[in-house]
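Structure in structure tokens, see below.
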Protein chains: 2
Amino acid sequence: MARLPVYLRALTLLIERGVATASSEDLAVAAGVNSAKLRKDLSYLGSYGTRGVGYDVEYLRYQIAREIGLTQDWPVAIVGLGNLGQALANYAGFGTRGFRVAALLDVDPDRIGRDFGGVVVRHLDELADLVDEHDISIGVVTTPGPVAQQVADRLVGSGVTSILNFAPAVITVPSGVDVRKVDLSIELQILAYHEQRKSMAGALHPGLDIDVVAQVVAP
Amino acid sequence: MARLPVYLRALTLLIERGVATASSEDLAVAAGVNSAKLRKDLSYLGSYGTRGVGYDVEYLRYQIAREIGLTQDWPVAIVGLGNLGQALANYAGFGTRGFRVAALLDVDPDRIGRDFGGVVVRHLDELADLVDEHDISIGVVTTPGPVAQQVADRLVGSGVTSILNFAPAVITVPSGVDVRKVDLSIELQILAYHEQRKSMAGALHPGLDIDVVAQVVAP
DNA sequence: CGGATTTTGTTCTCCCGTTCACAAACTCCT
DNA sequence: AGGAGTTTGTGAACGGGAGAACAAAATCCG
């Protein structure tokens, strides 16, 4: 389930606050979901709650981390050391969440050899060796859109079986390989779409703006 | 619909390739979706296709851009000039997609006054003035998790009605305000979950690894 | 010790999105 | 001009996830 990481974060937050036990309702609020949905999700992992009491926060957190596979550290390769790639390479929160930047790749001679957070940028041609050496199965693509597909092909060819794609392009991979896409422009465009709707709502009923808005904002 | 931006990108790609007309099947492949779904989505905007021919790529692209609201430029404020905030501030692809970095905010004295892509970082206290001055309705949060909520509160208080949240935290806002969340760790954890499953599939059937994998990879 | 209370785990229903499938509409070729 | 071939737009069936609701289980308190 795609919501397990959200629950994991909520649990970590509660642990930091010193909470020892929490009901599904508490967790649901912290994770921003419905409590019934949360209970159903957790029931897939097993019966880790106690009726009348709630969930042992620490224990549940371990079980979810175990389910996700975060009891081990996942080595990650980042391809494309542009603005975003550099930001990710320097991102400290990486290591605290079960991941480790094991390799940085680029083709620009100006970038090769530079050091980000203790890892040196290597040429993309060395990808296969590095994947093999560090047992990397997850690749992050932060290249320009036009080369994203061929980078993905090389990642897959080197043995990577999961790709996180930040490039503005649709990439296709063989079955058995997972791809997730994060696209800043698309997210912003979705927001813009809603923004436009908001401003149109007022324009459609001139003179009624205030009443309409008031109903929408505080129903 | 959240898929319109994807179609928009696919159409832009086809235009760059010099394609003048495309069938729903062509578009669906370029966008990575099912053709029936794409046709149904487009039918909500109106009848912009011609039976037996397909869609006029240029015309359709304009109609979708218009629907999303990209005929205007959206000024955006970025709060938090850490690694990620700096990367976004320098991101050139911003402007080409209907958005403009209108304000950069932080509270760190070392960052205030610095210039990213022609925009100077200002103190967060000036937020309301800048939002007002530039007519900003979209805010991007790239702060550490613990302060994300209060930054969001200040954004909303200043008149921002759409927030793109990169901070690893759940933020709550009044109804009428839209929030979208992008979380690197969660995406990676979802990939890790699938990775773990992949490696377990082999372990469950020792001796059959090769056959099983072969079936999964090339069915 | 037993009833009241809390909270989980699960069943059931509903609703929305996806996909199939086909008629209508348009082009092309003879 | 007319039939063959394409492709859109949409009605209908399907599937799955979301939430309400409730029984089972545990604690608390008199």
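To find a chain, count down the sequence lines: A is the first, B the second, and so on, and within it residues start at 1.
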Problem set entry | Donor-acceptor under 3.5 Å (A/Thr142 side chain, A/Val79 main chain) | yes

Problem set entry | Between C/dC16 (P) and B/Asp41 (CG): distance, integer Å | 16 Å

For this session: Measure the spacing between CG of B/Leu45 and CD of B/Gln63 and express it to the nearest 0.5 Å.
Result: 8.0 Å

Problem set entry | Short side-chain to backbone donor-acceptor contact, A/Ser137 and A/Thr161, under 3.5 Å | no

For this session: Dot-bracket notation for DNA chain D is requested: 5' to 3', Watson-Crick or G-U wobble pairs only, both distances under 3.5 Å, with ( ), [ ], | and . as defined.
Result: ||||||||||||||||||||||||||||||

Problem set entry | Nucleotide D/dG9, atom C1' - distance to CG of B/Leu38 in whole Å | 12 Å

Exercise. Counting only side-chain N and O atoms of B/Asn34, is one of them less than 4.0 Å from OP1 or OP2 of C/dC20?
Worked result: yes

For this session: Can you tell me the distance, in whole Å, between the CG atom of B/Asp56 and the C1' atom of D/dT7?
Result: 15 Å

Problem set entry | Check: A/Pro168 main-chain N/O paired with A/Lys181 side-chain donor or acceptor under 3.5 Å | no

Problem set entry | Spacing of A/Lys37 atom NZ relative to D/dG16 atom P, expressed in whole Å | 17 Å

For this session: Taking A/Gln149 for its side chain and A/Thr172 for its backbone only, find out whether a donor-acceptor pair lies under 3.5 Å.
Result: yes

Exercise. In Å, rounded to the nearest 0.5 Å, how long is the span from CZ of A/Arg180 to CG of A/Leu164?
Worked result: 8.5 Å

For this session: Do nucleotides 2-12 of chain C as a string where each nucleotide becomes B, S or -: B if the base has a protein heavy atom under 4.0 Å, S if just the sugar-phosphate does, - if no protein is that close.
Result: ----BBBBBBB

Exercise. Can A/Lys198 and A/Glu195 be counted as an ion pair, charged N to O under 4.0 angstrom?
Worked result: yes

Exercise. How many Å lie between CG on B/Leu60 and C1' on D/dT8, as a whole number?
Worked result: 13 Å

For this session: Using a strict 4.0 Å threshold on nitrogen-to-oxygen distance, state whether A/Glu67 and B/Arg197 make a salt bridge.
Result: yes

